[in-house]
Amino acid sequence: MNHLRTGEVINKRRKELGLTQNQLAKALGISFQAVSKWENGTAYPDIGMLPRLAAVLGTTADALLGCSSAMTEYDRRYRTDDYYWGLVPNSICYEAMKALPPVRPYRVLDIGCGEGKDAVFFARCGYAVTAFDKSWEGLEKAKRLAEHNKVDVRFFKADIFDYRPETEYDIIFSSGVLHFLSADMREEFCKSLKAHTADNGINAMNVFVGKPFISPAPDLTEEEERAGLWHSGELSGYYHDWFFHICKEEIFDCSSGGTAHKHCMDTLVAQKRTGGNITHA
Ligand SMILES: C[S@@+](CC[C@H](N)C(=O)[O-])C[C@H]1O[C@@H](n2cnc3c(N)ncnc32)[C@H](O)[C@@H]1O
């Protein structure tokens, strides 16, 4: 195991979050000397400390151990000057905006932000945006896009398999990502997003849905194939007690990866409304 690498990851994440060694040590209940030793590579965090350390740093134990430095399929896709998903914001961004206009800097979380087009769009509109993805390449491009547009976005690397929000957001947004979650994780994941949404806040997301008459997309990654598609109505079911601004299912043409194919997608823009139960007919 490469100590320096783990130390570098800790140092980089700590600085990205604007924490001092002392603050990080305090959050972990350890001495700042211990943090200093990790960062200069003279000691290694105890294995029992890794999940807590990863949570405080908003990353994963894998990333701390240097295991997730391997290129993902998306890293390969993003390793070009072009933007794989283009630069036009997803239409759900506008729907989320309609439901919660940026009359003040509402807090947005973009889950699986890819190359950052939607996160940067929200930031340009005046939201306070935090965004993460599993792909380093995507995040680097997203940072460049934010710089180019002269907006601040807090980008970080994390994996939806072990990331859960620790703070509240007004809008939680995710496009084209949640199908990576295995079926047994989806309900718990949505529950956590709902719990970390402010009163009157919005969750705006879409998921790919399986249909027997639609062939798998030609550019499906192994991970996507493994996780499997969602069922019709599964997403809205997890939000049955929220107010729905949009709840729809669509089949559309796509040419990502250069080959024409079709997708079925469920889209939900739902609002957490306090002060009364909501019944959907
Ligand atoms: C279809 S792209 C969508 C990107 C972006 N939301 C957009 O619409 O432009 C899927 C994204 O999910 C990210 N992703 C895949 N698995 C992930 C995981 N386990 N945790 C976090 N992000 C993941 C990929 O790196 C990729 O950027």
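Model, not experiment: these values are computed from the prediction. Every number for a ligand or one of its atoms is a count from 1 in the order of the listing.
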> What's the shortest distance from atom 3 (C) of ligand 1 to any protein heavy atom, and which residue and atom give it?
Replying inline: S175 O, 3.5 Å
>> For ligand 1 and F161, I'd like to know whether there is a polar contact (N/O to N/O, distance under 3.5 Å).
In response: no
> Quick one: do E188 and K191 make a salt bridge, cutoff under 4.0 Å?
Replying inline: no
> Could you go step by step and tell me if K98 and E95 meet the salt bridge (charged side-chain N to carboxylate O under 4.0 Å, His left out) rule?
Replying inline: CA-CA 5 Å; K98 269 194 240 164; E95 301 301 339; 3.3 Å; yes
>> Would R273 pass as a cation-pi partner of F243, given that its NZ or CZ must be under 6.0 Å from the six-membered ring centre and within 45 degrees of the axis?
In response: yes
> Taking heavy atoms and a distance under 4.0 Å, where does C113 meet ligand 1: side chain, backbone, both or neither?
Replying inline: backbone
>> Can you confirm if the aromatic rings of F132 and Y163 lie within a centre distance of less than 6.0 Å?
In response: yes
> Hey, is K211 close enough to E249 for a salt bridge, meaning N to O under 4.0 Å?
Replying inline: yes
> Closest non-hydrogen protein atom to atom 15 (C) of ligand 1, residue and atom name please, with distance?
Replying inline: F180 CE1, 3.3 Å
> Between Y78 and Y74, what is the ring plane arrangement, given parallel below 30°, perpendicular above 60°, and tilted in between?
Replying inline: tilted
> Of all the non-hydrogen atoms in the protein, which one sits nearest to atom 17 (C) of ligand 1, and at what distance?
Replying inline: K134 CD, 3.6 Å
> Would you call the rings of H179 and F208 parallel, tilted or perpendicular if under 30° counts as parallel and over 60° as perpendicular?
Replying inline: perpendicular
> Can you tell which of H179, E73, K117 gets a heavy atom nearest to atom 7 (C) of ligand 1?
Replying inline: K117
> Is the distance between the ring centroids of F122 and F173 under 6.0 Å?
Replying inline: yes
> Between E115 and ligand 1, which part of the residue brings a heavy atom under 4.0 Å of the ligand: side chain, backbone, both or neither?
Replying inline: neither
> By number and element, which atoms of ligand 1 are closer than 4.0 Å to a non-hydrogen atom of A158?
Replying inline: 20 (N), 21 (C)
>> To check your reading of the model: name the closest protein heavy atom to atom 20 (N) of ligand 1, its residue, and the distance in Å.
In response: I160 N, 2.9 Å
> Heavy atom under 4.0 Å from ligand 1: found in Y78's side chain, backbone, both, or neither?
Replying inline: side chain
>> Can you tell me how far apart CG (L24) and CG (L19) are? Round to the nearest 0.5 Å.
In response: 6.0 Å
>> Considering A227, G112, S135, G114 one by one, which has a heavy atom nearer to atom 6 (N) of ligand 1 than any of the others?
In response: G112
> What protein heavy atom is closest to atom 10 (C) of ligand 1, reported as residue, atom name and distance in Å?
Replying inline: G176 O, 3.3 Å
> Which option out of D159, V177, D133 puts a heavy atom nearest to atom 24 (C) of ligand 1?
Replying inline: D133
